[in-house]
Amino acid sequence: MPSSDLYGLEMLWKLEKGNVADKSDMMMLFVHWFLVRNGFRNVGVGDDKTLNNIVEQSELLPEGWNGNNKSYALRYTMNNELYILHGTLSNDTMIINLLQAKTLQVTNCAFNVDTTIGSISDGNFMNMVASIDEQIVRLQTELVKPLHDGGSKTSSTQTTTAPTNAAHAMPQAANPLGHGDILRGGRPLMPGRVGQADLDPLGRFGGGMILDPLINVRPVRPGMFLPGARIDPIGPFNRPPRPNPHPDHLPPPGYDDMFM
């Protein structure tokens, strides 16, 4: 909107200049004019998000629009949708938010009131707003256009999963004990790290300290075995009987005592 198309701005200023106490009031008056020029109509003050279709719509600012605490809340409608305009002065910065009540999408822009608004004692409103064309473009691109384009975007964290060939996919899991072993079906696959899984007493991940006489070796891959639970086998198993007494048997105490 070029500066040659400022229709209604002078009239609005003459109507409201008695209510403009400082630069922040001037900033909100300017934003209101911009919204009205873009099809918005005011439906009162406050931040109530319900819209009564019988409420009067106006191009003028409502009574009590500027308040006293330099925090502004004005309600607007366009195409039967409710919008809420908030203005908050923080130090020398005026933060403007425009909320679409139905979708809760919000846009915002910020202005330094000292550099944007000149002396309010000047009778010409165009001289009060510095670089007025630039401020109009900012309101269009930062405050209004994003809502018409779908509103402000919400960032989200997405995890991208690489495609997997199902024919070659093999279930894998990391060692929950934090030792870095790669497990498949609960068995360690790295022979160089044998014994790490024994830190799990229950042997849920291929090791353990609970002895199992029925499992003393565990195959890992064809032709390769890793030791399982450490155990001295109970035996003998299927061995031929030895003569009794056997030479390995211990002799009775004092067998070589010459005085016996």
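This structure is a prediction, so every number in the text was calculated from the model and none was measured.
- Cluster partners of Leu15 are Met11, Leu60, counting Ile, Leu, Val, Met, Phe, Trp and Tyr whose side-chain heavy atoms approach within less than 4.5 Å, directly or via other members.
- For Lys23 and Asp92, the salt-bridge test fails: no basic side-chain N is under 4.0 Å from an acidic carboxylate O.
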For a side-chain contact (heavy atoms from CB on, under 4.5 Å) check, start with the C-alpha distance between Leu74 and Val31, then their side-chain angles and the critical distance, and finish with the verdict.
CA-CA 11 Å; Leu74 300 171; Val31 174; over 6 Å; no
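- Annotation: side-chain hydrogen bond (donor to acceptor under 3.5 Å, both in side chains) contacts of Gln57 (sequence neighbours excluded): none.
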Please list every donor-acceptor pair under 3.5 Å in which a side-chain atom of residues 45-56 meets a protein atom from a residue at least two apart or in another chain.
unit_1, atom_1, unit_2, atom_2, d
Asp48, OD1, Thr50, N, 3.2
Asp48, OD1, Thr50, OG1, 3.0
Asp48, OD2, Thr50, OG1, 3.0
Asn52, OD1, Ile54, N, 3.1

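- In this structure, Gly44 and Pro62 approach most closely via the heavy-atom pair C-CG, 4.0 Å.
- The side-chain hydrogen bond (donor to acceptor under 3.5 Å, both in side chains) check on Glu142 picks up Arg138, with sequence neighbours excluded.
- Atom-to-atom distance recorded for Asn108:CG and Asn97:CG is 5.0 Å, nearest 0.5 angstrom.
- The side-chain hydrogen bond (donor to acceptor under 3.5 Å, both in side chains) analysis of residues 75-86, with sequence neighbours excluded, yields the pairs His32-Tyr76, Tyr83-Gln100.
- Under a 3.5 Å cut-off, the side chain of Asn66 and the backbone N or O of Ala21 do not form any donor-acceptor pair.
- Residue pairs that meet the salt bridge (charged side-chain N to carboxylate O under 4.0 Å, His left out) test with at least one member in residues 57-71, sequence neighbours left out, are Asp22-Lys70, Asp25-Lys70, Arg41-Glu59.
- Between the Asn91 side chain and the Thr93 main chain, no donor and acceptor come within less than 3.5 Å of each other.
- Distance alone, capped at 3.5 Å, places no donor-acceptor pair between the Trp13 side chain and the Phe30 backbone.
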